[in-house]
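Worksheet: the structure to be examined is printed underneath.
Note that the structure is predicted; figures quoted are calculated from it, not measured. By convention in this document, chain letters (A, B, ...) are assigned in the order of the sequence lines, proteins followed by strands, and residues within each chain are numbered from 1.
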Amino acid sequence: MTTATASRYAAEYQTIAPALPGQTLPWLQALRAEALMAFSAQGFPSPREEEWRYTNVLGIEKKLFAPSIDLTGSDVDADWLKAYQLEDTWSVVLVNGHFSAELSVLEGLPEAVSVMSMADALAKQPGTVEKYLGRAADQSEHSFIAFNTAWFTDGLFVHVPAKVVLDKPIQLLHIVTGSNAMATTRNIIIADALAEVKVIETFVGTDIAKDGVYAASLSGTGVANAYLTAAVTEVFVGACADVTLYKMQSESEKAYHFGGSYIKQARDARFTHHNFAFGGLLARSDIHVDLDHASECELNGLYLGVKRQHIDNHTRINHLKPYAVSRELYKGVMDDRARGVFQGRVIVAEDAQKTDSQMNNRNLLLSDDAEVDTKPQLEIYADDVKCGHGVTVGQLDEKSIFYLQSRCVDEETARNMLTFAFANEMVDKIKIRSLHDRVLEQVLARFPQQGVDKEWL
Amino acid sequence: MLSIKNLTVNVNDKQILKGINLEIKAGEIHAIMGPNGSGKSTLSHVLSGKGGYTVTGGSATYQGKDLLEMAPEIRAREGVFLAFQYPVEIPGVSNIYLLKAALNSIRKHHGQPEVDAMDFLTLVKDKVRLLEMDEKFLYRAVNEGFSGGEKKRNEILQMAILEPRLCIMDETDSGLDIDALKIVSEGVNSLRSPERAFVMVTHYQRLLDYIKPDKVHVLAHGQIVKSGGADLALELEEKGYSWVEEAEA
Ligand SMILES: Nc1ncnc2c1ncn2[C@@H]1O[C@H](COP(=O)(O)OP(=O)(O)OP(=O)(O)O)[C@@H](O)[C@H]1O
Ligand SMILES: [Mg+2]
């Protein structure tokens, strides 16, 4: 379907190329050219590819989203922004794929720490960027990565030097304001040995109201924005370093979202990911982790689908060396005609003895028309390992509903409470209060709320 | 308070209750004993409105109203409380959250305003002390990871806070250690009042040593085959069920 010659995006490339950052860097020019070729040759991933079996991105090709060259972020309402920009963080705000210095908050950063836009990093520390760009995200993985490499307009760059512990989280706030726009961003997070950092990625469209409800569809005043987000984040966790990455995706109702996080962990490194996938007409997240000797990763995910949303999560944990530990828990709640996908691969290399890995995927279907495809895969090439996985797809437990009814709670409220409780387990794992409250609000906005008393949560 | 007449109940087309007759007056304590599988839990469930049972005949009138017509939550709000033989774990819903939701539902049902937050906490903490529980249980998910005995005690905590009219306790004593049995029994005794009735399903005399019943019934093969006073339980303890079952046959 979406074959090489069919991709109309490649033809559009020339018009934007001169506006992309890093024009003076031959290595980047070469990398982009190579990526463009790879993308032109493959087009967008097709459902014929095993890892895209359940997700058809043909709509992106059809729409032909246009990259935004407009560099102003002035149409972002300050009041609205406050609902998504977390207090007590350093933040890098990207509007339509471009850094907004005006909206970002970067005062008071420790001197040795770099937090800046990718365009700035390419101008100020091109050597460091060159050393890391494309080293965790493999261009040959699938063509979204190549697409991103060719087209990225900006992004977030974080470098925390050895032994530095950042006390405040860093927020990447990725906002798309217009219809038919394309926001292609590339982010790099580097934590050197023994460093600690927490990064929050927030993806949101401006037609989403402050509490996460689709403003346009509710007010009936407008049509939801259709746009494309294609973000790639590469994370390098140094020896004994500790990185936590939160992702909250609340894209517009008609938006397409691709977000890939590719993580490389050194010896004894810790990485924790929390993936909250709420928005978009079609949304796909990739989380791929490479584990070195005795490193640990924890992947948590919550995906909620309503109406006709399609929400795909693809995780891959590569146990490359011995003694690494991985823990994964993904929960999905699908209502209406929504479709959820969970593909979780754990690969244990021959050398990775004493691997300890546990993967779980639990799904709740709230309507007869909702659907979940779940595919956990364990590929084990070592013989002395402890690996387990579990999957459930089901409805609410009738025994639990009756128990709540016998405690005076009406059936509808009981169902709401149980659904909420199911999802809330993942929200409760958030350690940053301000983010916790925002995510909770988003969850509540997507569920029938009758009887769920917020004050007591 | 509760009048059960000729109640017959099927599960999956199999008749489990075969004509139950029972009169329970306010202030009374009734013990129901009987062999495993005789229908004691079935009766408790049917009275509290659990799905999966088909009432094929008879009636249950509670405070002048047709109990079997009411939704489970309405029965609960009207004062029917079932302490489960196997309490259900509800991950993600804290004990205190459920207690408040339950109490407010009852108040709303009776046209009263929501409970004041401070009053509620005082009430709950009082009852936690009464049952000698750790306050930490309030903030844990309902029954999740509770030991068998802790679950049973938690049921009685809920009962003490919601102050129902008709307390149905299905084998609350099973799983309780000797000390816990005493504490829970004292909790139940403190709830005794002329307006409240208790139906206690049990297999053991020792519960009845603490909570003295006014009437003891033997349920066998879906029917009440014998009723008597507190002495009947002692007799059963000594002789087992076979003599009543045989006498019936
Ligand atoms: N869902 C069901 N399907 C089939 N049979 C059932 C079902 N529920 C109950 N029964 C049967 O009904 C009968 C009565 O069960 P019930 O649980 O009421 O017994 P009980 O008197 O409470 O026993 P115990 O003392 O062991 O708790 C049993 O034979 C049981 O197997
Ligand atoms: Mg029973």
**OP:** Please say whether the positively charged group of A:K331, taken as NZ for Lys or CZ for Arg, lies over the ring of A:F422, i.e. under 6.0 angstrom from the six-membered ring centre and within 45 degrees of the axis.
**Re:**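 Judged by the rule, A:K331 and A:F422 form a cation-pi pair.
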Subject >> Cation-aromatic face contact A:K247/A:F276, 6.0 Å, 45 degrees >> reply: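 A:K247 over A:F276 ring: no.
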Original post:
Can you say whether B:E89 sits under 4.5 Å from chain A via the side chain, the backbone, both, or neither, judging by heavy atoms?
Top reply: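 The backbone, not the side chain.
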Original post:
Checking heavy atoms, do the side chain of B:R75, its backbone, both or neither come under 4.5 Å from chain A?
Top reply: neither
**OP:** Evaluate whether atom CG of A:D368 has more than 12 neighbouring non-hydrogen atoms of other residues, nucleotides or ligands under 6.0 angstrom away.
**Re:**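 Count not over threshold, so no.
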Subject >> More than 12 heavy atoms of other groups within 6.0 Å of B:Q63 CD >> reply: yes
**OP:** May I ask you to name which of A:D428, A:L404, A:V409 has the most heavy-atom pairs under 4.5 Å with chain B?
**Re:** A:V409
**OP:** Check each atom of A:L418 against the heavy atoms of chain B and say whether the ones under 4.5 Å are side chain, backbone, both or neither.
**Re:** side chain
